[in-house]
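No hydrogens, no waters, no symmetry mates; every other heavy atom, side chains included, goes into these values.
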Amino acid sequence: MANVKVSMSKKGVLIGLIVLVLVLGGGGGYLLWRVNQKDTVAPTDSSAHEENCVLRCKANATCGPRTAAGDNCQENEAGICYYGPYGDTKTGCCEYEKICNITAYHITFNKGEGGTVSPGGQQSVKPGNSVSSTATPSSGYKFTGWQGSGGGNVSDTSSPTLTISNVNSDATYTATFEALPVETVTLRYIAEPTIGGEIRGKAEQTVEKGKDGEQVVATPKTGYEFVKWEDNGSTVSSRQDTNVQGNITGKAIFQKAEAPVTCGDGIC
């Protein structure tokens, strides 16, 4: 039995070693595979123009060391240089050059604070073509101009619509805006005569032009009664001026209240 136990123990150790080797080998293999993978990078917008490039062998270029000197560098169907006649798989390198054909330039229109541009962002434009964008200020702002340079023939940068014609390079333009000064008006409410009544509420108000004022109420004192607002003729004691376009002085007119008629003997 002792021999059996020893055999089983040795067998367990052997199995454990095999498992360990498999785990370490698999992990190492994965690490080796991962190290050799190319990093992937998410595509991003670029200000660089778009181009179509191919590799061409230089004229009369010769390949590296070769048994037959003077063999010219050839070009295969992919535009890559290689040795000798088509299909030659010998190693080495030939002199080549990168030839690019620009297919589009990037013209970018940005908006500054206080407005929008349309179209906005990066526009791909073929060489020689034109592109435009229009700037529109937000409420309370005014357009002040476009900032930028290059790209081709540029129209008046002080105009909201910017046009770049005969495009020949990348360029970025930003529409700028400026906040307009806030125009205000004054609302004043007074009682006439002052012994006859008072203004309940905010008797003097500063309001942004086009906005609404706060409500006020003409309140008579004892022995007086409200007659009307002198400026607008309203006989309603409360008022609220809305969409105010200019200064307002509201005068509440009061008068003595008539004494009530008292009949004592039935003859009034």
Side-chain angles (χ1 to χ4, degrees), residues 108-123 132-149 155-163 172-268:
T108 303
F109 298 107
N110 293 327
K111 62 176 182 178
E113 182 181 358
T116 60
V117 294
S118 180
Q122 190 179 91
Q123 310 297 315
S132 298
S133 183
T134 300
T136 304
S138 302
S139 177
Y141 287 82
K142 68 177 181 178
F143 170 75
T144 56
W146 288 93
Q147 292 183 348
S149 62
S155 63
D156 184 5
T157 55
S158 64
S159 172
T161 297
L162 181 71
T163 300
T172 297
Y173 285 85
T174 301
T176 58
F177 306 90
E178 181 180 295
L180 295 170
V182 177
E183 188 176 355
T184 60
V185 295
T186 301
L187 310 181
R188 291 187 178 90
Y189 303 99
I190 59 177
E192 179 66 32
T194 55
I195 62 172
E198 62 182 1
I199 303 299
R200 297 282 179 86
K202 198 170 182 180
E204 185 165 335
Q205 305 176 23
T206 299
V207 180
E208 185 178 340
K209 186 176 181 180
K211 301 294 185 179
D212 299 342
E214 298 180 27
Q215 186 182 63
V216 294
V217 180
T219 305
K221 294 181 180 180
T222 302
Y224 286 81
E225 62 184 4
F226 171 74
V227 180
K228 66 177 180 178
W229 291 99
E230 187 178 62
D231 62 306
N232 61 14
S234 173
T235 58
V236 179
S237 60
S238 64
R239 69 181 286 177
Q240 180 183 20
D241 292 290
T242 59
N243 189 25
V244 181
Q245 298 298 318
N247 297 331
I248 292 176
T249 299
K251 184 182 292 186
I253 305 299
F254 298 92
Q255 68 180 14
K256 284 188 175 183
E258 294 183 3
V261 176
T262 301
C263 295
D265 55 1
I267 302 175
C268 299

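- The distance from atom CG of Asn110 to atom CD of Gln122, rounded to the nearest 0.5 Å, is 10.0 Å.
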Start with the C-alpha distance between Leu162 and Ser133, add both sets of side-chain angles, then the distance that settles side chain to side chain contact (heavy atoms under 4.5 Å, CB included), and finish with yes or no.
-> CA-CA 5 Å; Leu162 181 71; Ser133 183; 5.5 Å; no
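- Note: Ile248 CD1 to Leu187 CG = 5.5 Å, rounded to the nearest 0.5 Å.
- The CZ atom of Phe226 lies 10.5 Å from the CD atom of Gln255; values are rounded to the nearest 0.5 Å.
- Under the 3.5 Å distance criterion, the side-chain polar atoms of Thr176 are left unmatched by any main-chain donor or acceptor of Gly112.
- From Ile195, atom CD1 reaches atom NZ of Lys221 across 8.0 Å, with rounding to the nearest 0.5 Å.
- The side-chain contact (heavy atoms from CB on, under 4.5 Å) test with Gln205 singles out one residue from Val244, Thr184, Val185, Val216, and that residue is Val216.
- In this structure, CG in Asn247 is found 7.0 Å from CZ in Arg188, a value given to the nearest 0.5 Å.
- In this structure, OH in Tyr173 is found 8.0 Å from OG1 in Thr157, a value given to the nearest 0.5 Å.
- Here the closest heavy-atom approach between residue Gln245 and residue Gly210 is recorded as NE2-CA, 3.6 Å.
- Formation of a donor-acceptor pair under 3.5 Å by the Asp231 side chain with backbone atoms of Gly250 is not found in this model.
- Minimum heavy-atom separation, Thr235 to Val227: CG2-O, 3.7 Å.
- Contact of the Gln215 side chain with the Arg239 side chain is not registered, since no non-hydrogen atoms from C-beta on lie closer than 4.5 Å.
- Remark: the Ser234 side chain and the Asn232 side chain contain no N/O donor-acceptor pair separated by less than 3.5 Å.
- The shortest heavy-atom contact between Thr163 and Ser132 is OG1-OG, 2.7 Å.
- Across all their heavy atoms, Ala252 and Ala218 have their closest contact at CB-CB, 3.6 Å.
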Starting from the C-alpha separation in whole Å, work towards a yes-or-no answer on side chain to side chain contact (heavy atoms under 4.5 Å, CB included) for Lys251 and Ile253.
-> CA-CA 6 Å; Lys251 184 182 292 186; Ile253 305 299; 3.8 Å; yes
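- When all heavy atoms of Ala175 and Ala135 are compared, the pair lying nearest together is CB-CB, 3.7 Å.
- Panel note: side chain Glu113, backbone Phe177; no donor-acceptor pair is recorded below 3.5 Å.
- Side chain of Lys111 to main chain of Ser118: no donor-acceptor pair is present (N/O by atom type, distance under 3.5 Å, no hydrogens or angles).
- A donor-acceptor distance shorter than 3.5 angstrom exists from the side chain of Trp146 to the backbone of Pro160, with no hydrogens or angles considered.
- For Tyr189 against Trp229, the heavy-atom pair with the smallest separation is CD2-CZ3, 4.1 Å.
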